[in-house]
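Single-structure report; data block below.
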Amino acid sequence: MSESREPESNAPMAKTYQPADIEQARYSEWESKGYFAPRGDGDPYCIMIPPPNVTGYLHMGHGFQESIMDALIRYHRMKGDKTLWQVGTDHAGIATQMVVERLLASEGKTRHDLGREKFIERVWQWKELSGGQITQQLRRLGASPDWSTERFTMDEGFYKAVQEVFIRLHEDGLIYRGKRLVNWDPVLKTAVSDLEVISEEENGHLWHFRYPLANGDGGPDRYLVVATTRPETMLGDTAVAVNPNDERYQDLIGKRILLPLVGREIPIIADDYVDPEFGTGCVKITPAHDFNDYEMGQRHSLPMINIFDDTAHLNDQVPEKYRGQERFAARKQVVADLEALGLLEKIDDHKLKVPRGDRTGVVIEPYLTDQWYVKTAPLAEQAIKAVESGDIQFVPKQYENMYFAWMRDIQDWCISRQLWWGHRIPAWYDDAGNIYVGRDEADVRQKHGLSAKINLRQDEDVLDTWFSSGLWTFGTLGWPESTEWLKTFHPTSVLVTGFDIIFFWVARMIMMTLHFQKQVPFKTVYVHGLVRDSHGQKMSKSKGNVLDPIDLIDGIELEPLLAKRTSGMMQPQLKAKIEKQTRAEFKDGIAAYGTDALRFTYYSLASTGRDINFDVGRIEGFRNFCNKIWNAANFVLMNCEGQPCGESGESDYELSLVDRWIIARLQQAEAAIIEGLETYRFDLASQALHSFVWSEYCSWYLELCKPVLNSDDYSAAQKMGTRRTLVRVLETTLRLAHPFMPFITEEIWQKVKALAGASGDTIMYATYPVADGGKIDEEAIADIEWLKEVITTLRNIRSAMNIPPAKKFPVLARSADAGDQPRLATNATFLIRLANLESITWLPTDAELPPSATGLAGQMELFVPMAGLIDVEAELARLSKEIDRLTKEASRIEGKLGNEKFVANAPADVVEKERAKLADYQTSLAKLQEQKVKISTLDD
RNA sequence: GGGUGGUUAGCUCAGUCGGGAGAGCGACGGCCUUACAAGCCGUAGGUCACAGGUUCGACCCCUGUACCACCCACCA
């Protein structure tokens, strides 16, 4: 990493592009000068950053997402909008608490050793220590948020907003406390929401047990067979259910089972839920440990026996033998004991969905506890309408279906977490168990007229992290105060996010914001895909395929990269494989590509609605693109510095055909790039920019300038016109490219702005180019396209004939098209230079031709005399190939035109076009065939 | 079980209104040509997943199938 230095506008440009020399220095300058803050009186434009975890680090997904936001922000800032990019971080309750607990574990302690207060202190310390990392990394990406208003979801203001929201929702009857089954993570010892449970299919078993009938009901020789995937829960069974219409069991409904191992008598009940086709048609019912059983238990008023403690070990509701056993140990024991009793009928292999915590990966236990809930139905109704009405639009649109499907079937949201790190729930209990909600204890006492004698204790739990992030768009702008910023920037313009948090975050933000702010939080949701590795694999530590955006910017040697990928692994046995893989893919480590190249790679891959596969080969190509721009600028400066180029508004210049052509192409590029930005097609925008810069400006325009600038045949006015165009198109291109490649564009812009007659302290505030249709000179475009075709044809002959690049040769030309001769005359200099010709001579149509290699450009025939140059065989082969191609094309069109229905039904202009094409091909074919005959005779 | 997206060159992907299949990277051949070898010039490479249908005409519209990815759902 290079040391940062002050940018020097007057210093000559380095020979090659060295991003490390410019990026950090430029960023410091921007930030210190306060360029990122909103300014001016334009239309407000605002993006809220999805707040990354405060103790997190930047990964490829962030890099992608922030790059997209920054492009939008820089584009709108340059357009003159009053632009705010609100930045901040999230306290990320579970994730952060887990990190700190892991730290404690390495010291041999648990959070309980410290106690709540000390533990929270410890988390704050950790936050102060590591909290700056991700925001520093954001800076490395060139992100331009307004750092002066940075927020944190547990800062003072958020604390107030969260309390306010909780209290008001409670007052509105939209928050309630209830005892019911929740998803319980026995490692974290907290409830989690439905979204935090990932169910995946795993191999398991279906155990069939015999449940004998109770003594008075025909037992113990009569029994039912129940099937279960979770034998240990039988200790909490309070019924067996059958389908009411199942003929096999009609006589048993209402009778009783003597539950084995436990000795409890439980009823046989009838319920429609039971599928007679599945298993034996008999289901054991454990209302306290299964969501379906819970509902059935409620329907039939069954007792609910909770047999687990909060770590999923058996409690004293079970026979003594099993108490204290871990759930999977208990499973084995129960099966063994039932088998010993002769009650195990059989064990089948069975695939089942196993619910696991998304953080811990442990099996989630349905567990009966008191929790706080948000009643979501009324909120969801508004949220659905907002999207239906188009007040909020998803890009791409198909995500709206996903959103609707979830919203229409939304469950109440369990918002309490049995954690320590987070917003503590503003509720207090008296000794009688009455609940009071308020800002603090004093507020509660005052509000409810509770004397100091009454003992109050605050709820121990904290709120789900997403509860506070749901307030992000308005909470960051000062709510509940009605601030100027809130009025100016809310609703925000667009939310840029991944599909994975549409339910977690986007949906909840929409509900919360509509309820409290009476506005949508954002007008557009741009949903981007997941960044995967080059083979489409998810990046993960255990796969060892993780790329760090900072490593792509700064580069990294092989050894540190290996160390990074193999350290701190959960599964050390994968180390060797990852090492081998990494060595194979990055035998020389990763080069330093710089931020601009990384960003451009993201844009080029950002088509909508699909994940992106990140290939390091791509970034190299775009680093080369940066170098291309760098060198083009070098060339422009070499030719323009100290020379008149109309920088002071002089008008005594003359624009050539070539100048008018590149200006026209620039307008087209501008239109395409803006279209891409406006429609979130960053791939199309970046492609348009790339091809304009490389394939038009560099490959053709710069080359076409050289003859003008280096020859005495052109007037001062013509030269000035060319220099003026050269530098102004470059300057405009830099502005066009700035949202994508902020650093290199600023660096070069500072050096060319004066020559281009531009001024300003930073390109960030320069106006974004707008296409001017009046500058699209169709004639110039047609002429230069013609010129390119002629040059390409001649280069093609050179290559096919193996004429060395340095060897000049003469060319003869003739044409039936009257326009060709003047075109040729006008552009002869360019032709000679770019095709490296000795001469070019116009022939009358009836002139005698020497034996030549032939090429066609439109109607014009180009001849390269063969004397000493041309390989007859090669030329025959070339002609044959071209004749073949044209013949095929011609016959295809003949077929089409021979079809009466086509001629009758297709639009006239289409038919006419086909006819013209055919005529064209036929003329060309005739010429080539004539040549072929002529050359063949030489062959003998 | 329901739903969404995808299948186009060796790889990664564009493809607008239905009318002669494109880009980048890679490959191959030739060049240290006075901005750039991180470059220049040229070349090759496609049964647009498959099967039907609509149409004068289908990568594109319709139906079905296969495979891949993802989302949702309570079958013990």
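These figures come from a predicted structure and were not determined experimentally. In what follows, chains carry the letters A, B, and so on, assigned in the order in which the sequence lines appear, proteins first and then strands, with residues in each chain numbered from 1. Values below: every heavy atom of this structure, side chains too, minus hydrogens, waters and symmetry copies.
- Between E196(A) and S193(A), the side chains place a donor N or O and an acceptor N or O closer than 3.5 Å (distance only, hydrogens not considered).
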Exercise. Could you walk me through whether H205(A) and D349(A) pass the side-chain hydrogen bond (donor to acceptor under 3.5 Å, both in side chains) check?
Worked result: CA-CA 4 Å; H205(A) 303 285; D349(A) 287 337; 3.2 Å; yes
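- If you check the side chains of D237(A) and T286(A), you find a donor sitting under 3.5 Å from an acceptor.
- In this structure, E200(A) places its CD atom where only 12 or fewer heavy-atom neighbours from other residues, nucleotides or ligands lie under 6.0 Å away.
- Within 4.0 Å (heavy atoms only), K353(A) reaches at least one base atom of the nucleic acid.
- Residue contacts for H208(A): at a heavy-atom cut-off of 4.0 Å it reaches no nucleic acid atom on any strand shown.
- Among the atoms of the strands shown, none is found under 4.0 Å from any heavy atom of G898(A).
- Comparing G39(B), G19(B), A23(B) by their nearest atom to the side chain of P907(A) picks out G19(B).
- Here N613(A) reaches the OP1 or OP2 of C13(B): one of its side-chain N or O atoms lies under 4.0 Å away.
- Residue V274(A) is classed as a base contact, given a heavy-atom separation below 4.0 Å to a base.
- Dense packing is recorded around NZ of K543(A), with more than 12 heavy atoms of other residues, nucleotides or ligands lying under 6.0 Å away.
- Looking at heavy-atom distances under 4.0 Å, C626(A) makes no contact with the nucleic acid at all.
- Closest to the R618(A) side chain, of the nucleotides C31(B), U12(B), A35(B), is U12(B).
- Nucleic acid contact class of F614(A) (heavy atoms, under 4.0 Å, all strands): none.
- With the nearest nucleotide of RNA chain B identified for both G617(A) and A632(A), G617(A) has the one nearer the 5' end.
- Counting only heavy atoms from C-beta on, R681(A) has its side chain closest to G15(B) among C70(B), C36(B), G15(B).
- Taking all atoms of both residues into account, the shortest heavy-atom contact from G855(A) to T793(A) is CA-CG2, 3.8 Å.
- Aromatic ring pairs are classed by plane angle as parallel below 30°, tilted from 30° to 60° and perpendicular above 60°; the pair F625(A) and W694(A) is parallel.
- For E900(A), the CD atom is loosely surrounded, since the number of other residues' heavy atoms within 6.0 Å does not exceed 12.
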Extract from the structure each pairing of a protein N or O with an N or O of nucleotides 43-47 of chain B at less than 3.5 Å, listing the distance.
unit_1, atom_1, unit_2, atom_2, d
U43(B), OP1, N796(A), ND2, 3.1
A44(B), OP1, K881(A), NZ, 2.8

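- Among the heavy atoms of the strands lying under 4.0 Å from R610(A) are primed sugar atoms or P, OP1, OP2 only; no base atom is included.
- Separating the C1' atom of G29(B) from that of U34(B) is a span of 25 Å, rounded to the nearest Å.
- Side-chain atoms of S607(A) lie closest to C13(B) of the nucleotides G19(B), C13(B), C75(B).
- The shortest distance between the side-chain N/O atoms of W694(A) and the OP1/OP2 oxygens of A38(B) is not below 4.0 Å.
- Along RNA chain B, the nucleotide nearest D615(A) and the nucleotide nearest Q687(A) are compared for position; the residue whose nucleotide lies closer to the 5' end is D615(A).
- Residue A227(A) places its side chain closer to A76(B) than to any other of A76(B), A14(B), C13(B).
- Here N627(A) does not reach the OP1 or OP2 of A38(B): none of its side-chain N or O atoms lies under 4.0 Å away.
- Among the heavy atoms of the strands, none lies under 4.0 Å from E675(A).
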For this session: Starting from the C-alpha separation in whole Å, work towards a yes-or-no answer on ring-ring contact (aromatic ring centres under 6.0 Å, His included) for F622(A) and H690(A).
Result: CA-CA 9 Å; F622(A) 292 125; H690(A) 185 274; 5.8 Å; yes
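- Ring geometry for H528(A) against F64(A) counts as perpendicular: the plane angle is over 60°, on a 0 to 90° scale with 30° as the lower cut.
- Counting non-hydrogen atoms under 4.0 angstrom, Q537(A) reaches nothing in the nucleic acid.
- Distances from the side chain of D275(A) to the nucleotides C56(B), A35(B), C75(B) place C75(B) closest.
- Within the nucleic acid shown, A906(A) comes within 4.0 Å of at least one base atom, counting heavy atoms only.
- With distances taken from any side-chain atom of M402(A) to the nucleotides C31(B), C71(B), C41(B), the minimum falls on C71(B).
- Side-chain proximity of L605(A) to U12(B), U4(B), G39(B): nearest is U12(B).
- When heavy atoms are screened at a 4.0 angstrom cut-off, F278(A) is found touching base atoms of the nucleic acid.
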Exercise. How does RNA chain B read in dot-bracket, base by base from 5' to 3', with Watson-Crick or G-U pairs under 3.5 Å and | used when the partner is on another strand?
Worked result: (((((((..((((.....[..)))).(((((.......))))).....(((((..]....))))))))))))....
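- Within 4.0 Å (heavy atoms only), R798(A) reaches no atom of the nucleic acid at all.
- Using a 4.0 Å heavy-atom cutoff across all strands shown, L684(A) reaches sugar-phosphate atoms only and no base atom.
- Of the candidates T595(A), I619(A), D596(A), I553(A) forms a side chain to side chain contact (heavy atoms under 4.5 Å, CB included) with just one, namely T595(A).
- If you check C72(B), A76(B), G19(B) against the side chain of L352(A), the one that comes closest is A76(B).
- Among the nucleotides A76(B), A38(B), A35(B), the one closest to any side-chain atom of K628(A) is A35(B).
- Ring pair Y399(A)/F499(A) is parallel by interplanar angle, where below 30° counts as parallel and above 60° as perpendicular.
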